[in-house]
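To find a chain, count down the sequence lines: A is the first, B the second, and so on, and within it residues start at 1. In what follows, every heavy atom counts, from backbone to side chain, and hydrogens, waters and symmetry copies are set aside.
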Protein chains: 2
Amino acid sequence: MAADPLSRVFAALADPTRRDMVARLTVADATVNELAAPYDISLQAVSKHVRVLEDAGLVSRSRSAQRRPVHLEAEVFDLMTKWLERYRRAAEERYRRLDDVLAALPDDDAPPEEGARP
Amino acid sequence: MAADPLSRVFAALADPTRRDMVARLTVADATVNELAAPYDISLQAVSKHVRVLEDAGLVSRSRSAQRRPVHLEAEVFDLMTKWLERYRRAAEERYRRLDDVLAALPDDDAPPEEGARP
DNA sequence: CTCCTCCTCAACCGGTTGGTTGAGAACGAG
DNA sequence: CTCGTTCTCAACCAACCGGTTGAGGAGGAG
């Protein structure tokens, strides 16, 4: 279970139920019971989902009496957004660069396998 | 295997090997063989990884001769970024709103369950 | 104290996933 | 045509995942 943080975050968000929980947690904190209400799965299953979110750092919990309110953490979103943005930008730039590459094509019709890794 | 698109994208990116491939594809297109070079897993495994990325719409392939160059698609990144940004912003706003909520707390110490979805 | 509520732990199950090996399709080069 | 290269399909396997049920810990409420 020692996967890198990013993998855990992506994996946690790969489940629609979990994404829905996150969406609802942006509105307000909630207990496990409240979180479980909309879904017709067992409370234990919901508990597991929350644990996955917690392990991914997307969510934190404080104990107040016997309730364990679930709270959304925004930081990890920033981290992921940053990661994503980086590659999105790179892909876009490459897309733009393509025109230059095509324009700079010499008489040779067989492209010289330009895949040298820097 | 009929998961929603967003789930497929997140799931695809939940694997470090696949994320590394995506990173390298931002630099240049590559064949399966080129992609496979850095990893000590079988070529078939790499082929499977590429297929997962393709099913997620992160990557497209054209056939030129017997080579099947893999090309990164930027659109899906936009989609995911948009999704993420929406919740990141919501979480931040809620974080900011928290001060107001605390300030507006009446004499009642039991918060009135304000979880109505708009 | 006893009871009730909220939640978690543990064991189990079927389906998916990441990996393997082996066979073979598709295509260019000789 | 034959050969070599590139890549995929198929079957299999161990591990993980999302779900279940059953048991039980941790606090308030009576």
Side-chain angles (χ1 to χ4, degrees), chain A residues 1-4 6-22 25 29-56 58-71 109-113 115, chain B residues 1-22 25 29-56 58-71 109-111 113 115:
Chain A
M1 212 187 275
D4 60 299
L6 219 34
S7 293
R8 262 177 297 176
V9 174
F10 277 121
L13 256 22
D15 185 287
T17 303
R18 244 130 49 192
R19 277 202 310 279
D20 191 58
M21 289 178 177
V22 166
L25 284 172
D29 291 0
T31 67
V32 173
N33 256 297
E34 290 164 358
L35 273 182
Y39 320 115
D40 58 346
I41 61 180
S42 71
L43 201 71
Q44 291 92 323
V46 174
S47 190
K48 278 192 185 181
H49 277 308
V50 173
R51 178 165 244 277
V52 172
L53 290 173
E54 191 179 16
D55 286 348
L58 281 161
V59 131
S60 69
R61 334 172 64 170
S62 55
R63 85 172 315 131
S64 91
Q66 71 273 55
R67 312 226 163 109
R68 321 276 317 273
V70 180
H71 173 75
D109 56 300
E113 181 67 22
Chain B
M1 214 189 273
D4 59 300
L6 219 34
S7 293
R8 262 177 296 176
V9 174
F10 277 121
L13 255 22
D15 185 287
T17 304
R18 244 130 48 191
R19 277 202 309 280
D20 192 58
M21 288 179 179
V22 165
L25 284 172
D29 291 1
T31 66
V32 173
N33 257 296
E34 289 165 358
L35 273 181
Y39 321 115
D40 59 345
I41 61 179
S42 70
L43 201 70
Q44 290 93 322
V46 174
S47 191
K48 279 191 183 181
H49 278 307
V50 173
R51 178 166 244 276
V52 172
L53 290 173
E54 192 179 14
D55 286 348
L58 281 160
V59 129
S60 68
R61 338 174 61 172
S62 56
R63 86 173 312 132
S64 93
Q66 72 272 56
R67 311 224 164 110
R68 319 278 316 274
V70 180
H71 174 76
D109 55 299
E113 179 70 19

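- When rounded to the nearest whole Å, the span between CG of B/Asp15 and C1' of D/dC17 equals 15 Å.
- Distance CG (B/Leu53) to P (C/dT17): 13 Å, rounded to an integer number of Å.
- Comparing B/His49 and A/Val50 along DNA chain C, the residue whose closest nucleotide (by nearest heavy atom) sits nearer the 5' end is A/Val50.
- Within the structure, every side-chain polar atom (N or O) of B/Arg61 is placed at least 4.0 Å from both OP1 and OP2 of D/dT6.
- Counting to the nearest Å, the P atom of D/dT5 and the CD atom of B/Glu34 are 16 Å from each other.
- Straight-line distance from the CD atom of A/Gln44 to the C1' atom of C/dT5: 14 Å, rounded to whole Å.
- Within the 4.0 Å cut-off from OP1 or OP2 of C/dC7, not a single side-chain nitrogen or oxygen of A/Arg51 is found.
- Contact annotation: the side chain of A/Met21 never approaches that of A/Val59 to less than 4.5 Å [non-hydrogen atoms, C-beta and beyond].
- In this structure, A/Ala56 and A/Val9 approach most closely via the heavy-atom pair O-CG2, 3.5 Å.
- The shortest side-chain heavy-atom distance between B/Ile41 and B/Lys48 does not fall under the 4.5 Å cut-off.
- Close to D/dT8, at under 4.0 Å from its OP1 or OP2, lies a side-chain N or O of B/Ser47.
- An OP1 or OP2 oxygen of D/dT5 is reached within less than 4.0 angstrom by no side-chain nitrogen or oxygen of B/Asn33.
- In this structure, the NZ atom of B/Lys48 is 10 Å from the C1' atom of D/dA11, given to the nearest Å.
- The closest side-chain heavy-atom distance from B/Asp15 to B/Val52 is not below 4.5 Å.
- In terms of phosphate contacts, B/Ser42 brings a side-chain nitrogen or oxygen within less than 4.0 Å of OP1 or OP2 of C/dT20.
- As rounded to whole Å, 18 Å separates atom P of C/dG24 from atom CG of B/Leu43.
- Going from atom CD1 of A/Ile41 over to atom C1' of D/dT21 covers 14 Å, rounded to whole Å.
- Counting to the nearest Å, the P atom of D/dT21 and the CG atom of A/Asp40 are 12 Å from each other.
- In this structure, B/Val70 and B/Leu53 have side chains that are not in contact, with every pair of non-hydrogen atoms separated by 4.5 Å or more.
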